[in-house]
Amino acid sequence: MTINATLINYLHLCYRKLWLHANVIRMEHTSEVVSEGKLIGEESYPQRADKNQELEISYELHFPSYGITVGCSAKIDFFDTKLGVVHETKKSSAKEFAHEAQVKFYLYLLRKNEIEANYGILEYPKFRHTERVELHEDEYETVESWIWKAYQIATQEDCPAALAKSKCKNCSYFEFCWSGEEDV
Ligand code: SF4
């Protein structure tokens with residue numbers, strides 16, 4: 001089981017969503033969703049269409065107390081190598097900590113690969129907002145705890161409990177989780 005940025009994002013949204021995605025139960029057309037996000041990035045920042053800015057990285061994180069090594073990977077759509085800045089564009093119309101966690105995960109993996117990564121920028125073209133994301137060294141343990149938690153959830157046998165239905169409105173798994181339920 002490889003932990004990627006999507007799973008780190010979902011860890012901060014819903015454990016069930018993480019588990020479903022990790023176990024390849026896809027209600028969303030994931031590739032289309034990803035493409036759409038990427039397209040928004042390319043349309044909003046056309047100077048970045050250059051594929052050379054894309055970066056794929058991986059890292060093996062060992063947890064000695066459990067005797068387990070967890071593989072991590074990420075595909076970063078735009079990394080400014082000159083300035084050491086990760087840009088992540090979101091099609092969402094609201095800020096979420098899950099986005100910030102995703103960028104911190106990128107910064108962590110870059111630095112573990114000895115690539116100079118100074119900070120990240122979250123971009124929300126829909127409401128013309130940008131947010132700077134830092135990762136300080138004393139936060140590495142936090143990122144590692146996310147990786148471990150995501151790994152634990154992804155590899156557990158049972159599907160985690162659903163969230164309260166009111167929190168599920170925009171989730172692509174809504175039908176999966178709630179079809180057959182009475183409206184409340
Ligand atoms: S519909 Fe709700 S409970 Fe189901 S995966 Fe999505 S957020 Fe989680």
Side-chain angles (χ1 to χ4, degrees), residues 1-41 44 56 58-59 61 63 66 68 70-77 86-109 120-131 133 135 139 141-184:
M1 173 64 63
T2 300
I3 301 304
N4 59 29
T6 302
L7 297 183
I8 295 296
N9 184 316
Y10 290 174
L11 176 73
H12 295 86
L13 297 176
C14 171
Y15 290 176
R16 174 181 276 221
K17 187 168 183 165
L18 186 166
W19 187 91
L20 290 168
H21 189 84
N23 287 279
V24 203
I25 299 164
R26 304 278 159 82
M27 301 299 285
E28 60 202 320
H29 300 291
T30 308
S31 55
E32 286 175 24
V33 172
V34 170
S35 303
E36 191 189 340
K38 199 160 172 247
L39 191 64
I40 284 182
S44 308
E56 285 191 59
S58 59
Y59 181 63
L61 177 59
F63 292 92
Y66 302 106
I68 291 176
V70 178
C72 303
S73 72
K75 187 165 180 246
I76 300 170
D77 285 340
V86 174
H87 293 260
E88 175 68 16
T89 307
K90 293 295 181 195
K91 64 187 171 78
S92 152
S93 45
K95 290 194 288 176
E96 294 194 35
F97 182 72
H99 303 155
E100 203 178 306
Q102 186 180 340
V103 174
K104 285 180 185 281
F105 176 72
Y106 288 150
L107 293 169
Y108 174 86
L109 291 191
I121 296 182
L122 270 168
E123 294 155 343
Y124 298 91
K126 274 195 183 166
F127 58 106
R128 296 171 187 273
H129 181 75
T130 59
E131 189 101 350
V133 180
L135 178 70
E139 294 177 286
E141 268 186 37
T142 302
V143 176
E144 287 163 2
S145 72
W146 295 341
I147 293 166
W148 178 246
K149 185 75 183 167
Y151 175 79
Q152 278 184 304
I153 294 168
T155 55
Q156 74 183 42
E157 207 161 297
D158 299 325
C159 181
L163 294 181
K165 196 175 181 179
S166 57
K167 294 187 175 167
C168 299
K169 276 183 205 136
N170 298 321
C171 181
S172 53
Y173 289 106
F174 189 89
E175 285 299 314
F176 178 92
C177 293
W178 298 109
S179 65
E181 294 282 325
E182 298 280 321
D183 273 347
V184 288

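Each residue takes its place number in the sequence, starting with 1. Remember, it's 1-based here, ligands and their atoms both numbered in the order they're listed. Side-chain atoms are counted along with the backbone in the values below, which use heavy atoms only and exclude waters and symmetry mates.
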Return the minimal non-hydrogen interatomic distance between A101 and I8, and the atom names on each side.
O-CG2, 3.9 Å
Does some side-chain heavy atom of Y108 sit less than 4.5 Å from a side-chain heavy atom of L61?
yes
Of all heavy-atom pairs between T89 and E123, which one has the smallest distance, and what is that distance?
OG1-OE1, 3.0 Å
Give every protein N, O or S atom lying under 2.8 Å from atom 6 (Fe) of ligand 1, naming each by residue and atom.
C171 SG
Using modelled atom types and a 3.5 Å cut-off, is there a donor and acceptor pairing between side-chain atoms of K90 and backbone atoms of Y124?
no
Testing Y151, W146, Y59, W148 for side chain to side chain contact (heavy atoms under 4.5 Å, CB included) with I3, which one passes?
Y151
Correct closest heavy-atom pair for R16 and F176 would be NH1-CE2, 4.4 Å
